[in-house]
Amino acid sequence: MGAGALAAFLAQRTVKAAFVILGVVVFQFVLIRLAPGDPASVIAGQSGAADPLFMAQLREQFGLDRPLWEQLLIYLRDILTLDLGFSHRQQRTVASLIGERLPATLLLTGAAFAFALVGGVALGVAASRRVGRPADSAITVIALTFYATPIFWVGLLLVLVFSVWLEWLPSFGMFTVGADLTGAAYALDVAKHLILPALTLGLFFLAIYARLARASMLEVADQDFVRTARAKGVPEGRIVRVHVLRNALLPVITFAGIQAGQLVGGSILVETVFAWPGIGRLAFEALLARDYAVLLGVFFCTAVMVVVFNLVTDLLYAVVDPRVEVA
């Protein structure tokens, strides 16, 4: 694919992505505003001064006394300038809060996604090479078990085994508080804290990718071009790597690209269980405090991430299978 075709494709997808993000922002803004309660009620309740005059002043301060359509237009205007608002609870801008928490979430979701994708494809390939054998049955049982088990239960079980019983890994947080580690020691400490949350978040998706990779491998292995390669005497290992696996990865990549954004949503529960300081936990805390500005900022950030993940997925098609033209 030439540079011109790639530029045209990116420009077209950018325009579509802008409309998608706009629709998501409008829908989420209206949905949150229709929910019961508002920041003024929370602040008044915390201060113990819920008289009508104080409530009116708070609603005027947050713009809640204006019509819904006017609030929406003001918010969209601010979004265009990347002004995500101000958190009444933490007395900081939403952009600074998200910028502080986003790296932790990207680290967690990236590690979980890599573990799920690589592990799932490896298990799927292994199961497809041993159809009907004990190894295939064992992989299927393991995949279905992790798929059917709630994420929070997996997290609590991992904490019980590896933190409480074996005392191998820390059970909460992103780093050891008060250790004042730097350099390689700090990176190793973060890696130890990352293992359990990443496993908890990744095991569910690993089960999906394993089943999908197995089915896709079996379907491609029955195609005519694979039988032709075998008839020509091509080694079985090369057939699996070059002919079968490369074609079987397309549906896996499609599904992984769609679910990459869901990892951010799933991180809310995992970050809460493990006290991981990411935007998922930030959104949960903002929900309890009726901090609408933070909630909308997190939703906007995740919507952008989902669009970017899908764009990267489309570009990966051309890398995995040159017959696919992204333009």
Side-chain angles (χ1 to χ4, degrees), residues 24 28 32 84 87 89-90 92-117 119 146-147 149-164 168-179 181 186-208 256 258-306 308-309:
V24 171
Q28 291 173 344
I32 288 181
L84 301 181
S87 171
R89 177 174 174 268
Q90 305 198 39
R92 291 176 56 187
T93 61
V94 175
S96 66
L97 287 172
I98 293 178
E100 183 181 275
R101 300 286 193 99
L102 186 58
T105 295
L106 291 178
L107 176 62
L108 172 60
T109 55
F113 182 74
F115 163 71
L117 187 59
F146 286 126
Y147 179 77
T149 307
I151 290 180
F152 75 91
W153 179 253
V154 174
L156 294 176
L157 186 62
L158 291 178
V159 169
L160 180 63
V161 174
F162 293 101
S163 295
V164 178
W168 288 354
L169 298 170
S171 59
F172 64 90
M174 184 177 175
F175 52 84
T176 303
V177 179
L181 301 175
Y186 175 77
L188 181 60
D189 185 54
V190 173
K192 289 181 179 179
H193 284 78
L194 177 64
I195 292 176
L196 291 185
L199 283 177
T200 302
L201 186 58
L203 282 173
F204 173 81
F205 295 95
L206 178 143
I208 297 176
I258 295 174
Q259 289 196 321
Q262 296 181 8
L263 281 168
V264 179
S267 69
I268 295 178
L269 185 58
V270 174
E271 289 178 3
T272 303
V273 171
F274 290 95
W276 189 265
I279 61 173
R281 190 179 174 198
L282 178 65
F284 179 74
E285 295 169 352
L287 178 63
L288 297 180
R290 298 293 193 275
D291 200 341
Y292 291 159
V294 174
L295 272 177
L296 289 172
V298 172
F299 290 158
F300 173 76
C301 181
T302 54
V304 172
M305 292 172 63
V306 170
V308 171
F309 288 149

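Owing to the predicted nature of the structure, the values given are computational and were not obtained by experimental measurement.
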Qualifying residues under side chain to side chain donor-acceptor pair (under 3.5 Å), relative to T105, sequence neighbours excluded: E271
For S171, the option from V159, V273, L160 that meets side-chain contact (heavy atoms from CB on, under 4.5 Å): V159
Which residues share a side-chain contact (heavy atoms from CB on, under 4.5 Å) with F162, sequence neighbours left out: L158, L166, W168, L169, L196
Residue pair P197 / V270: nearest heavy atoms and the distance that separates them: O-CG1, 3.7 Å
Residue pair V190, L107: steps toward the side-chain contact (heavy atoms from CB on, under 4.5 Å) verdict: CA-CA 10 Å; V190 173; L107 176 62; 3.9 Å; yes
Smallest separation among heavy atoms of F205 and A116, with atom names: CB-CB, 3.8 Å
Residue list, side-chain contact (heavy atoms from CB on, under 4.5 Å) with F172, at least two apart or on another chain: A275
Pairing residues for L287 by the side-chain contact (heavy atoms from CB on, under 4.5 Å) criterion, not counting sequence neighbours: L295
Heavy-atom pair with the smallest gap, counting every atom of L97 and S87: CD1-CB, 3.7 Å
Residues forming a salt bridge (charged side-chain N to carboxylate O under 4.0 Å, His left out) with E285, sequence neighbours excluded: R101, R281
side-chain contact (heavy atoms from CB on, under 4.5 Å) between L296 and L84, intermediate numbers included: CA-CA 8 Å; L296 289 172; L84 301 181; over 6 Å; no
Under the side chain to side chain donor-acceptor pair (under 3.5 Å) test, residues paired with Q90 that sit two or more places apart: none
Pairs satisfying salt bridge (charged side-chain N to carboxylate O under 4.0 Å, His left out), at least one member in residues 293-302, at least two apart: none
Pairing residues for F204 by the ring-ring contact (aromatic ring centres under 6.0 Å, His included) criterion, not counting sequence neighbours: Y147
Pairs where residues 297-306 contributes a residue and the test salt bridge (charged side-chain N to carboxylate O under 4.0 Å, His left out) is met, not counting sequence neighbours: none
Test log, rule side-chain contact (heavy atoms from CB on, under 4.5 Å), inputs M305 and L106: CA-CA 10 Å; M305 292 172 63; L106 291 178; 3.4 Å; yes
Residues which pass side chain to side chain donor-acceptor pair (under 3.5 Å) with T176, listed by chain and number, not counting sequence neighbours: D189
Contacts of T93 that satisfy side chain to side chain donor-acceptor pair (under 3.5 Å) - sequence neighbours left out: S96
Residue pair T302, V24: steps toward the side-chain contact (heavy atoms from CB on, under 4.5 Å) verdict: CA-CA 10 Å; T302 54; V24 171; over 6 Å; no
Residues that V304 engages under side-chain contact (heavy atoms from CB on, under 4.5 Å), provided they are two or more places apart: I21, F300, V308
Donor-acceptor contact present, side-chain W276 to main-chain A104, <3.5 Å: yes
